[in-house]
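Per chain, numbering begins at 1; letters A, B, ... match sequence-line order.
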Protein chains: 2
Amino acid sequence: MAKVSDIEILNGLMSVFRSKGYDGASLNELAEATGLKKASLYHRFPGGKKEMTAAVLDFMESWINDKVYKVLSDEKLVPTQRLKEALDNINAVYNEGREVCLYRSLSMDTGMALFGEKIEKGINQWLESFSILGKAVGQDAETAMQMAKQSFIEVQGSLVLSKAMDSTEPFQNAIQQIKNRYKT
Amino acid sequence: MAKVSDIEILNGLMSVFRSKGYDGASLNELAEATGLKKASLYHRFPGGKKEMTAAVLDFMESWINDKVYKVLSDEKLVPTQRLKEALDNINAVYNEGREVCLYRSLSMDTGMALFGEKIEKGINQWLESFSILGKAVGQDAETAMQMAKQSFIEVQGSLVLSKAMDSTEPFQNAIQQIKNRYKT
DNA sequence: ATTATTTTACCGAACGTTCGGTAATTTTAA
DNA sequence: TTAAAATTACCGAACGTTCGGTAAAATAAT
C-alpha cells in the first residue's frame with residue numbers, strides 16, 4: 001500500500017512545476033510537495049525528473065479531456081450550459097487567475113526541448129474542444145478554430161497580466177469575454 | 001576599452017534570460033552568450049546573476065520607453081502612423097513571434113520574487129503607452145486602458161500560442177487585430 | 001494456517017556533476 | 001608604469017541521481 005496516493009503525488013508535482021518551471025523545480029522541493037522523500041520519488045518515477053514532468057503533462061491532458069473536451073462536446077447540454085461548466089472548471093484550475101498555466105511554465109527552452117510534443121498536443125486538445133463548441137453555436141470550421149485560438153490567447157495573456165499585476169481582474173474579464181463570444 | 005561593449009553584453013544576457021528564464025539561465029551560458037568568460041562577467045556585474053537580470057530589465061524598460069512609449073505619444077505623428085511604428089518595433093523585438101517576452105520568462109516564482117516590481121513597472125509602462133494612443137483616437141481614459149490591456153493580453157497570449165505551435169501566425173494575427181482596434 | 005520467499009515502498013547517505021561565486025594572475029591599454 | 005579588463009584556476013554548496021538497506025505487504029510453499 002502506498003503511503004501517498006498517485007493523485008496526491010501528481011498534484012504536488014503539478015503545483016511545483018507550474019510555479020517554478022522545469023529548471024526551477026528542484027528534487028528537494030518536488031519531494032517536499034509530494035510528502036515523499038527524494039529517493040522514494042525515484043522509486044515511483046525511475047526515470048527521474050523527466051518522468052515526473054511527463055506524468056504531470058499526461059495528468060494535465062486527461063484533465064483537459066475530462067473537464068474541457070468532454071464538457072464542451074456534451075450534446076446532452078445546450079452550448080451555453082456547456083461553456084459555463086467548462087469555464088467554471090478552467091476558473092477553478094487557475095484559482096481565479098492566481099495560478100499560472102502548466103504549459104506556459106514548461107514552455108521555456110528546456111521544457112520545450114524535452115516536452116514540446118506533449119505541450120503542443122495538450123494545447124491542440126484545448127483548441128479542438130473550443131472549436132467543437134464554436135461549431136455547435138453555428139460557426140463554420142474555420143471561424144470556430146479562429147474563435148478557439150482567440151479564447152486560448154485571452155486565457156493565457158490574461159494569466160500573464162494577472163500574475164504580473166497580482167490581480168485576478170484581467171483573468172476574470174477574459175473569462176467573461178469568452179462567454180460573450182459564444183453567446184447565441 | 002572593454003573587449004565587449006555594454007550593449008553586446010546586454011543583448012547576450014537578454015537572449016539567454018528570455019529563452020531560459022531566471023533559474024534556467026546558467027552563468028556558463030550567460031558568459032558564452034556575451035563572449036566573456038564567467039569571471040569576466042562578474043567583473044562587469046559584481047552583483048552576479050541578480051545584477052545581470054536587473055540590468056536586462058532596465059534595458060528592456062528603456063527599450064519600451066524609446067520604441068513604444070515615445071512613439072505612441074509622439075504628437076508630431078498621426079495616431080495610425082504612431083501605432084504602425086510601435087507595432088513594427090514590437091514585431092521586430094519578438095522576431096515576428098518566434099521569440100518570447102522577457103517578462104513572461106522572468107515571471108516564474110523565482111523571478112517574480114526577485115524582480116516583481118521591475119516587471120510590474122515595465123508592463124505598466126507598456127499599458128500606459130497604449131493608453132495614450134487610445135485617448136489620442138478619442139477614447140475616454142477607462143476605455144483606453146481597457147484597450148491597452150486587451151492589446152497586451154493578445155501580444156502575450158499569441159506569443160504563448162506561437163511558441164507552442166512553432167508558428168508565427170498567431171502573433172501576426174494578433175498584431176493585425178491590435179491595428180484594427182485603433183482604426184479611426 | 002503457518003512459514004518461507006519475494007516484492008513493494010520507503011528512507012538516509014552518498015555519488016558525480018554543475019551551480020553561482022571568488023582569488024590570483026596575465027593581458028591590454030592609457 | 002600603472003590601472004583596468006579579462007582569464008585561469010578554483011571553491012563550497014546545491015543539483016539530479018544512485019545505492020545499500022529496512023520494514024511491511026503480498027505471494028508461494030508447506
Peer 1: Measure the distance from CD on A:Glu51 to P on D:dT17 and round it to the nearest whole Å.
Peer 2: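 These atoms are roughly 11 Å apart.
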
Peer 1: Kindly state which residues belonging to residues 14-21 of chain A come within less than 4.0 angstrom of DNA chain C, counting heavy atoms of the residue only, listed by number.
Peer 2: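 Nucleic-acid contacts, sorted: none.
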
Peer 1: Among residues at least two apart in sequence or on other chains, which ones pass salt bridge (Lys or Arg N to Asp or Glu O under 4.0 Å) with A:Lys121?
Peer 2: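 With sequence neighbours excluded, A:Lys121 shows a salt bridge (Lys or Arg N to Asp or Glu O under 4.0 Å) to A:Glu61, given in chain and number order.
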
Peer 1: Considering residues at least two apart in sequence or located in another chain, which fulfil the salt bridge (Lys or Arg N to Asp or Glu O under 4.0 Å) criterion with B:Lys76?
Peer 2: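 Listed in chain order: B:Asp74.
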
Peer 1: Please identify each residue that fulfils salt bridge (Lys or Arg N to Asp or Glu O under 4.0 Å) with B:Lys37, with sequence neighbours left out.
Peer 2: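 B:Lys37 satisfies salt bridge (Lys or Arg N to Asp or Glu O under 4.0 Å) with no other residue.
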
Peer 1: Let's see if you get this right: which residues in residues 23-38 of chain B place a heavy atom under 4.0 Å from DNA chain C?
Peer 2: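 Going residue by residue through residues 23-38 of chain B, the ones with a heavy atom under 4.0 Å of DNA chain C turn out to be B:Ala25, B:Ser26, B:Leu27, B:Asn28, B:Lys38.
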
Peer 1: Between C:dG21, C:dC10, D:dA9, which nucleotide gets closest to the side-chain atoms of B:Lys49?
Peer 2: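 The answer is C:dG21, which lies nearest to the side chain.
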
Peer 1: My understanding is that only residues two or more places apart in sequence, or in another chain, count here; which of them pass side chain to side chain contact (heavy atoms under 4.5 Å, CB included) with A:Ile132?
Peer 2: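 Once residues adjacent in sequence are excluded, the partners of A:Ile132 under the side chain to side chain contact (heavy atoms under 4.5 Å, CB included) criterion are A:Tyr69, A:Ser73, A:Glu128.
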
Peer 1: How close or far is atom P of D:dA6 from atom CG of B:Leu41, stated in whole angstroms?
Peer 2: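 Result: 10 Å.
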
Peer 1: What residues, two or more places apart in sequence or in another chain, satisfy side-chain hydrogen bond (donor to acceptor under 3.5 Å, both in side chains) together with B:Lys118?
Peer 2: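 If we apply the side-chain hydrogen bond (donor to acceptor under 3.5 Å, both in side chains) test to B:Lys118, skipping adjacent residues, the hits are B:Asp58.
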
Peer 1: Go through the structure and list residues passing salt bridge (Lys or Arg N to Asp or Glu O under 4.0 Å) with B:Lys179, not counting sequence neighbours.
Peer 2: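 So B:Lys179 forms no salt bridge (Lys or Arg N to Asp or Glu O under 4.0 Å) with any residue.
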
Peer 1: Can you tell me the distance, in whole Å, between the OH atom of B:Tyr42 and the P atom of C:dC19?
Peer 2: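 Rounded to whole Å, this separation is 12 Å.
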
Peer 1: Which one, C:dT22, D:dA6, C:dC11, comes nearest to the side chain of A:Ser40?
Peer 2: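 Selected nucleotide (nearest to the side chain): C:dC11.
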
Peer 1: Salt-bridge test for A:Asp109 and B:Lys163: reply yes if a basic N is under 4.0 Å from a carboxylate O, no otherwise.
Peer 2: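 Looking at A:Asp109 and B:Lys163, the cut-off is met.
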
Peer 1: Could you name each residue pair satisfying salt bridge (Lys or Arg N to Asp or Glu O under 4.0 Å) that touches residues 5-26 of chain B, not counting sequence neighbours?
Peer 2: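 Applying salt bridge (Lys or Arg N to Asp or Glu O under 4.0 Å) to every pair that reaches into residues 5-26 of chain B, excluding sequence neighbours, yields B:Asp6-B:Arg44, B:Arg18-B:Glu99, B:Lys20-B:Glu29.
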
Peer 1: Nearest whole angstrom, please: distance from the P of D:dA5 to the CZ of B:Phe45.
Peer 2: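 Going from B:Phe45 (CZ) to D:dA5 (P), I get 13 Å.
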
Peer 1: Of all the choices, C:dC10, D:dA5, D:dG16, which nucleotide is nearest to the side chain of B:His43 once you look at every atom?
Peer 2: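 So the nucleotide nearest the side chain must be D:dA5.
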
Peer 1: Would one find a side-chain N or O of A:Arg44 under 4.0 angstrom from OP1 or OP2 of C:dT8?
Peer 2: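 Answer is no, no contact under 4.0 Å.
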
Peer 1: Are side-chain N/O atoms of B:Arg82 and B:Ser129 paired as donor and acceptor at under 3.5 Å?
Peer 2: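 The answer is no; no qualifying pair exists.
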
